[in-house]
Amino acid sequence: MSCISVAIDGPSASGKSTIAKLLAKKLGYIYIDTGAMYRAYTLACLKNNIDCKDEEKSEALIGKITIGFNSLNHVTIDGIDVESEIRKNDVADNVSYIASYKNIRLFLVASQREFAKNNNIIMDGRDIGTYVLQDATIKFYQIADVNERARRRYKENIEKGIVCTFEDCLTNLNKRDYIDSHRSFCPLRKAEDSIEINTTNLNIEDVLNMMLLYMKERGLLNE
Ligand code: DC
């Protein structure tokens, strides 16, 4: 069988990366967190004192930095592990601007498509099923109520020692939902052939089992 690609799209904090990581581990596939790549680019701009609201200035790093993943599956900039830095508030506040710039997207999409060559992969993001891997073997669109997503993000941040309130998380998610779904190039939307899963009232195991069942039904699992 040729390589299998699983696309998981959906809004911020809908649980995509948690599920994608578990699914990748269970199936022995490579996991690519494309959101981490947009965050890493944003971090690189901030470190270079580039105003992320300025498209032209932000484009200055295209082709000048390499964003990838190390053996721990942590995102890297020029080989340096920046996984914890990209989760901080200043990156979260600026990443939607960076993700709305066409040339920066094209730069990162090229690497994403490269990762998908010759590997079984799980890739999560906003435009994987609609743009990056339009021919993905199976596509999921994961959603959840915004209050539940803010609750999850708040809990995650507190566990990581990131200072914030529930209201901060809710405001940030509403802002990012709006920007992500209203940008002109590759906005967040469900691909027509994507399977929608609403995780508001589901636990992680339920979602994982649902996805495995869909994959099994399509003959994508060996057992
Ligand atoms: O999934 P995340 O919250 O780490 O994503 C960070 C930001 O990157 C988010 O605001 C949307 C953007 N993004 C995107 O536009 N396209 C992707 N494929 C992945 C993320």
Side-chain angles (χ1 to χ4, degrees), residues 1-41 67-69 73-75 95-96 98-144 149 176-177 180-199 202 204-223:
M1 194 192 270
S2 58
C3 289
I4 295 174
S5 50
V6 181
I8 306 181
D9 288 304
S12 294
S14 55
K16 301 181 301 292
S17 63
T18 306
I19 295 297
K21 270 183 215 156
L22 289 169
L23 201 56
K25 194 166 172 209
K26 182 152 182 76
L27 300 174
Y29 290 10
I30 290 173
Y31 165 54
I32 304 292
D33 175 356
T34 62
M37 298 176 74
Y38 289 96
R39 285 169 180 265
Y41 193 102
I67 294 176
F69 295 89
N73 219 10
H74 289 177
V75 70
V95 64
S96 282
I98 293 298
S100 71
Y101 303 148
K102 184 175 177 180
N103 290 332
I104 295 177
R105 293 197 75 84
L106 291 176
F107 170 57
L108 296 179
V109 166
S111 309
Q112 292 158 12
R113 289 187 174 147
E114 206 53 45
F115 295 140
K117 272 188 195 160
N118 311 317
N119 291 302
N120 288 333
I121 55 147
I122 316 271
M123 192 177 281
D124 77 1
R126 306 294 187 288
D127 57 343
I128 312 306
T130 53
Y131 185 72
V132 182
L133 305 176
Q134 286 177 51
D135 294 330
T137 321
I138 187 162
K139 301 178 185 178
F140 294 104
Y141 193 72
Q142 207 170 307
I143 56 164
R149 289 189 280 129
R176 287 208 285 151
D177 282 357
D180 290 348
S181 52
H182 286 81
R183 64 175 173 238
S184 55
F185 186 60
C186 289
L188 166 68
R189 66 177 175 81
K190 179 183 173 298
E192 273 172 23
D193 52 350
S194 190
I195 300 160
E196 183 168 303
I197 299 183
N198 187 333
T199 71
L202 297 178
I204 293 168
E205 215 185 354
D206 293 336
V207 181
L208 191 65
N209 287 335
M210 266 171 103
M211 288 186 175
L212 286 167
L213 201 64
Y214 279 115
M215 291 184 73
K216 195 172 177 188
E217 273 173 15
R218 296 197 184 182
L220 300 174
L221 301 183
N222 291 327
E223 356 114 52

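Hydrogens, waters and symmetry mates play no part in the numbers below; they use all other heavy atoms, side chains included. These numbers were taken from a predicted model, which means no experiment stands behind them.
Remark: side-chain polar atoms of Gln142 are paired, donor with acceptor, to backbone N or O of Gly15 under 3.5 angstrom. No side-chain donor-acceptor contact under 3.5 Å links Asn120 to the backbone of Tyr29. Lys139 places a side-chain N or O within 3.5 Å of a backbone atom of Gly129 that can act as its donor or acceptor partner.
Closest approach of Asp177 to Pro11, counting heavy atoms only: OD1-CB, 3.7 Å.
Under the 4.5 Å side-chain criterion, counting only non-hydrogen atoms from C-beta, Lys26 is not in contact with Leu22. When side chains are defined from C-beta on, Ile67 counts as touching Val75, because their heavy atoms get closer than 4.5 Å. Proximity of Asn103 to Tyr101: side-chain heavy atoms (C-beta onward) are nowhere separated by under 4.5 Å. In this structure, Leu23 and Leu212 have side chains that are in contact, with non-hydrogen atoms separated by less than 4.5 Å. Counting only heavy atoms from C-beta outward, the side chains of Ser14 and Ile143 never approach each other to under 4.5 Å. Looking at heavy atoms from C-beta onward, Met210 lies out of side-chain contact with Ile195 at the 4.5 angstrom threshold. Annotation: side chain of Ile121 is in contact with side chain of Leu133 (closest heavy-atom distance under 4.5 Å). Between Thr18 and Val207, every side-chain heavy-atom pair lies at or beyond the 4.5 Å cut-off.
The number of heavy-atom neighbours closer than 6.0 Å to CD1 of Ile204, taken from other residues, nucleotides and ligands shown, is 12 or below. Within 6.0 Å of atom CD in Glu217, more than 12 heavy atoms from other residues, nucleotides or ligands are found, so the atom counts as buried in its surroundings.
One distance of note links CG of Leu213 with CG of Asn209; it measures 8.0 Å at 0.5 Å rounding. If you take CD1 on Ile19 and OG1 on Thr199, they are separated by 7.5 Å, rounding to the nearest 0.5 Å. If you take OG1 on Thr137 and CD1 on Ile4, they are separated by 6.0 Å, rounding to the nearest 0.5 Å. Atoms CG and CE, on Asp9 and Met123 in that order, are 10.5 Å from each other to the nearest 0.5 Å. The CD1 atom of Ile138 lies 9.0 Å from the CE atom of Met211; values are rounded to the nearest 0.5 Å.
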Problem set entry | Check against side-chain contact (heavy atoms from CB on, under 4.5 Å), Leu27 and Leu221 | CA-CA 9 Å; Leu27 300 174; Leu221 301 183; 3.6 Å; yes
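Residues satisfying the side-chain contact (heavy atoms from CB on, under 4.5 Å) test with Asp180, not counting sequence neighbours, are Ser12, Ser96, Arg126, Arg176, Arg183, Leu188. Partners of Ala13 according to the side-chain contact (heavy atoms from CB on, under 4.5 Å) rule, which considers only residues two or more places apart in sequence or in another chain, are Arg149, Arg153, Leu173. In this view, Thr130 and Asp127, Arg189, Ala191 satisfy the side-chain contact (heavy atoms from CB on, under 4.5 Å) rule, not counting sequence neighbours.
Sorted by first and then second residue, the ring pair (Phe, Tyr, Trp, His ring centres under 6.0 Å) pairs involving residues 105-139 (not counting sequence neighbours) are Phe69-Phe115, Tyr131-Phe185. Residue pairs meeting the salt bridge (charged side-chain N to carboxylate O under 4.0 Å, His left out) criterion with at least one partner in residues 11-21, sequence neighbours excluded, are absent.
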Let me check something: any side-chain donor-acceptor pairs from residues 31-41 under 3.5 Å, sequence neighbours excluded? List them with distances.
from	atom 1	to	atom 2	distance (Å)
Tyr31	OH	Asp124	OD1	3.4
Tyr31	OH	Asp124	OD2	3.0
Asp33	OD1	Gly35	N	3.2
Asp33	OD1	Ala36	N	3.1
Asp33	OD2	Arg87	NH2	3.3
Thr34	OG1	Asp124	O	2.6
Tyr38	OH	Arg105	NH2	3.4
Arg39	NH1	Ile86	O	3.0
Tyr41	OH	Ser58	O	2.6
Tyr41	OH	Leu61	N	3.4
Tyr41	OH	Ile62	N	3.3

